[in-house]
Amino acid sequence: MKLAILDTSVYITHGEHKLSDVVLTALRRAYVVRHSAVVLSELRRGTSTNAGRRWVAELARAATAIWAPAAADWWDAGRLVQQFGDARHWNTSKRRDFQNDAFIALTAKRHGATVVTADRADFELLGSALHIQVRFV
């Protein structure tokens with residue numbers, strides 16, 4: 001079965017009830033989902049309620065495999081941020097956010113996984129540059 005990493009945007013979109021359980025069930029049927037350490041960190045950082053904190057903690061505990069960026073991914077992410085950021089005149093904040101997306105994409109590439117995301121703009125760039133599969137929800 002194919003492997004996938006769900007981007008932070010999928011969890012946020014689902015939490016805002018814009019992504020149905022039917023879509024998530026279909027994703028789980030199509031892929032073996034692995035969790036990204038970057039995504040878990042972003043979710044934890046952005047959670048401001050006790051219920052949200054419990055949900056993120058449970059998600060992390062339930063993860064059967066958590067994939068993290070490798071040392072080489074840091075170097076490659078810097079190149080991608082520089083390349084796209086310079087070409088598009090991104091500010092520091094946008095570059096920092098894009099770096100996390102680059103980590104997710106590079107991790108997926110290393111494992112031969114598809115990135116599932118609602119963030120079309122960033123992952124169209126990354127998918128094309130890294131020749132990885134990206135599925136938009």
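Heavy atoms only: backbone and side chains are in, while hydrogens, waters and symmetry mates are out.
Across every non-hydrogen atom of I104 and S36, the tightest pair is CG1-OG, 3.8 Å. For the pair L80 and F98, the tightest heavy-atom approach, listed with the atom from each and the gap, is O-CE2, 4.0 Å. A pairwise comparison of heavy atoms in A105 and V115 identifies CA-CG2, 4.3 Å as the closest pair. Considering all non-hydrogen atoms of both residues, R29 and M1 come closest at O-CE, 3.2 Å. Residues G52 and T47 approach most closely at C-CG2, 3.0 Å, considering heavy atoms. Here the shortest heavy-atom pairing between S9 and T117 reads OG-OG1, 3.0 Å.
The neighbour count for R110 CZ, taken as heavy atoms of other residues, nucleotides or ligands under 6.0 Å away, is above 12.
Residues passing the side chain to side chain donor-acceptor pair (under 3.5 Å) test with T8, sequence neighbours excluded: E42. For D122, the side chain to side chain donor-acceptor pair (under 3.5 Å) criterion is met by K94, not counting sequence neighbours.
For K2 (side chain) and V32 (main-chain N/O), no donor-acceptor pair under 3.5 Å exists by modelled atom type.
Distance check, rounded to the nearest 0.5 Å: CZ of R79 to CD of Q82 gives 9.5 Å. A distance of 8.5 Å separates CG of D76 from NZ of K109, quoted to the nearest 0.5 Å. One finds the CG atom of D7 at 10.0 Å from the CG atom of L126 (value rounded to the nearest 0.5 Å). Atom-to-atom distance recorded for D97:CG and D119:CG is 9.5 Å, nearest 0.5 angstrom. If you take OG1 on T107 and CZ on R34, they are separated by 14.0 Å, rounding to the nearest 0.5 Å.
Linking Ile, Leu, Val, Met, Phe, Trp and Tyr residues whenever their side-chain heavy atoms come within less than 4.5 Å leaves Y31 and V22 in two separate clusters. Linking Ile, Leu, Val, Met, Phe, Trp and Tyr whenever their side-chain heavy atoms come within less than 4.5 Å leaves F103 and W75 in two separate clusters.
Residues R88 and L125 form a side-chain contact, since some pair of their non-hydrogen atoms from C-beta on lies under 4.5 Å apart. Between T13 and Y11 there is no side-chain heavy-atom pair separated by less than 4.5 Å. A 4.5 Å side-chain heavy-atom check between W74 and L106 finds every atom pair outside the cut-off. Counting heavy atoms from C-beta on, the side chains of H35 and V39 never come closer than 4.5 Å. With a 4.5 Å cut-off on side-chain heavy atoms, L27 and V33 do not count as touching. You'll find the side chain of V38 stays beyond 4.5 Å of the side chain of L40, heavy atoms only.
One finds a salt bridge joining R95 and D86 here, because a Lys/Arg side-chain nitrogen approaches an Asp/Glu carboxylate oxygen to under 4.0 Å.
Taking the six-membered ring where tryptophan is involved, the planes of H111 and W67 are essentially parallel, since the angle between them stays under 30° and well short of 60°.
For residues 125-137, there are no side-chain hydrogen bond (donor to acceptor under 3.5 Å, both in side chains) pairs, not counting sequence neighbours.
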